[in-house]
Number of protein chains: 2
Amino acid sequence: MSKELEIFIGYLKKKGLKLTVQRKIMLDVFLKTERHLSVEGLYNIAKKKDKSIGQATVFRTLKVLQDAGIAKEVDIGDGKKRYERQYGREHHDHLICVKCGVFIEAVDPRIEKLQDELCRKHGFKPQRHKMEIFGVCKKCR
Amino acid sequence: MSKELEIFIGYLKKKGLKLTVQRKIMLDVFLKTERHLSVEGLYNIAKKKDKSIGQATVFRTLKVLQDAGIAKEVDIGDGKKRYERQYGREHHDHLICVKCGVFIEAVDPRIEKLQDELCRKHGFKPQRHKMEIFGVCKKCR
DNA sequence: TTATAATTGATATTGAATTTCAATATCAAT
DNA sequence: ATTGATATTGAAATTCAATATCAATTATAA
């Protein structure tokens, strides 16, 4: 049993929610894809496992997975939200290829430190941040 | 005549587009507000100048202003796009207050440099980037 | 097994953004 | 100033992702 499933079960129990087949399928589908998929993408994969699964359930389950700390929403401003794994992952920024659409996860601790400094300079108390760099990846150049 | 109006007129002429009263109003409204307003916000202000102005025109004109390099779209992932002045402004990041919603423009050249370095490390050729820090501003703390 | 409450899929709805279309306005050439 | 080609407009319809509604179904604790 994956750590995420354990957490999911614990979260559902704690909240008085139920572990349904659809939720199990969604967690499974979500964990198996390492890419940053949209609801549509996840829905298409989930449908292959269970023809009857509905879009609404995919949206709803992704919300639950977020609340449980298993998934994280990624919004790059192109009109559709994507989801990435959250549990056990460090904070990171994204390099996004405008040609093939790949998401590269990257982080530089020095940048993080300078961001904090920038906030201090403005008397600003940071809670979370987001950094996305759009460009062309190694393969597409 | 503002530099932006000059540019706007030049852009329109170059593209075979027309300088209409609505476009003049929109540029005026856009330049007068220093805040990061959504279409709705700009629309409400524009309507005070000309009751008959339509939402579609506001959307359309903001697109033209972007193409002309006068306005810049800002999408912080809350479902509605905002617009800021672009012409004559340097690149900057945003500190966004989750309490009062203020946008603080900030930049640290060292961060910019490290971002380039991060891209190089991944064989990634950057085109543009976006950094937003959400938190609580000085006044709201 | 049963009672209860959460969950489901289908469908309707929302809200931002875009498109359509007939009427109107702009502007270069006269 | 007038004309004509063409861009533009506002209103309304449409798109699209995301959310809400609801009757039927299912999970779970007793």
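Order of the sequence lines fixes the chain letters, A, B, ..., with proteins taken first and strands second; residue numbering starts at 1 for each chain.
No side-chain donor-acceptor contact under 3.5 Å links A/E132 and B/H129.
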5' to 3', nucleotides 11-18 of chain D under a 4.0 Å protein heavy-atom cut-off (B base, S sugar-phosphate only, - none) gives B-----SB

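Rounded to an integer number of Å, the gap from CD of A/Q22 to C1' of D/dA27 is 11 Å. In this entry the distance linking CD1 of A/I25 with C1' of C/dT8 reads 12 Å, nearest Å. Here the P atom of nucleotide C/dA16 and the CG atom of A/D75 are 15 Å apart, to the nearest Å. One interatomic measurement links the two molecules: CG of A/L62 to C1' of D/dT19, which rounds to 14 Å at whole-angstrom precision.
In this structure, B/Q22 has no side-chain hydrogen bond (donor to acceptor under 3.5 Å, both in side chains) partners at least two apart in sequence or on a different chain. Judged as a side-chain hydrogen bond (donor to acceptor under 3.5 Å, both in side chains), and not counting sequence neighbours, the contacts of B/R82 are B/D78.
Distance alone, capped at 3.5 Å, is enough to place a donor-acceptor pair between the A/H92 side chain and the A/E90 backbone. Counting only distance, with no hydrogens or angles, the side chain of A/K99 and the backbone of A/R141 share no donor-acceptor pair below 3.5 Å.
Residue B/F124 forms a side-chain contact (heavy atoms from CB on, under 4.5 Å) with just one option from A/V102, A/V136, A/I104, and that option is A/I104.
For the contact set between residues 8-19 of chain B and DNA chain C, defined by any heavy atom under 4.0 Å, the members are B/K13, B/K18, B/L19.
Using cut-offs of 30° and 60° on the angle between ring planes, the pair B/F103 and B/H36 is parallel.
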Dot-bracket, 5' to 3', for DNA chain C please: Watson-Crick or G-U pairs under 3.5 Å, [ ] where pairs cross earlier ones, | where the partner sits on another strand, dots elsewhere.
||||||||||||||||||||||||||||||

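Residues A/R85 and A/E4 are paired through a salt bridge, judged by an N-O separation under 4.0 Å between the basic side chain and the carboxylate. A salt bridge links B/K3 with B/E6: at least one charged nitrogen is closer than 4.0 Å to a carboxylate oxygen. Under the 4.0 Å criterion applied to side-chain N and carboxylate O atoms, B/E105 and B/K72 are not assigned as salt-bridge partners.
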With a cut-off of 3.5 Å and sequence neighbours excluded, list every side-chain donor-acceptor pair involving residues 23-33 of chain B.
unit_1 : atom_1 : unit_2 : atom_2 : d
B/R23  : NH1    : B/K18  : O      : 2.7
B/D28  : OD2    : B/K32  : NZ     : 3.3
B/D28  : OD2    : B/K49  : NZ     : 2.6
B/T33  : OG1    : B/R35  : N      : 3.2

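Listed pair B/T20 / D/dA7 fails the phosphate criterion, with no side-chain N or O lying under 4.0 Å from OP1 or OP2.
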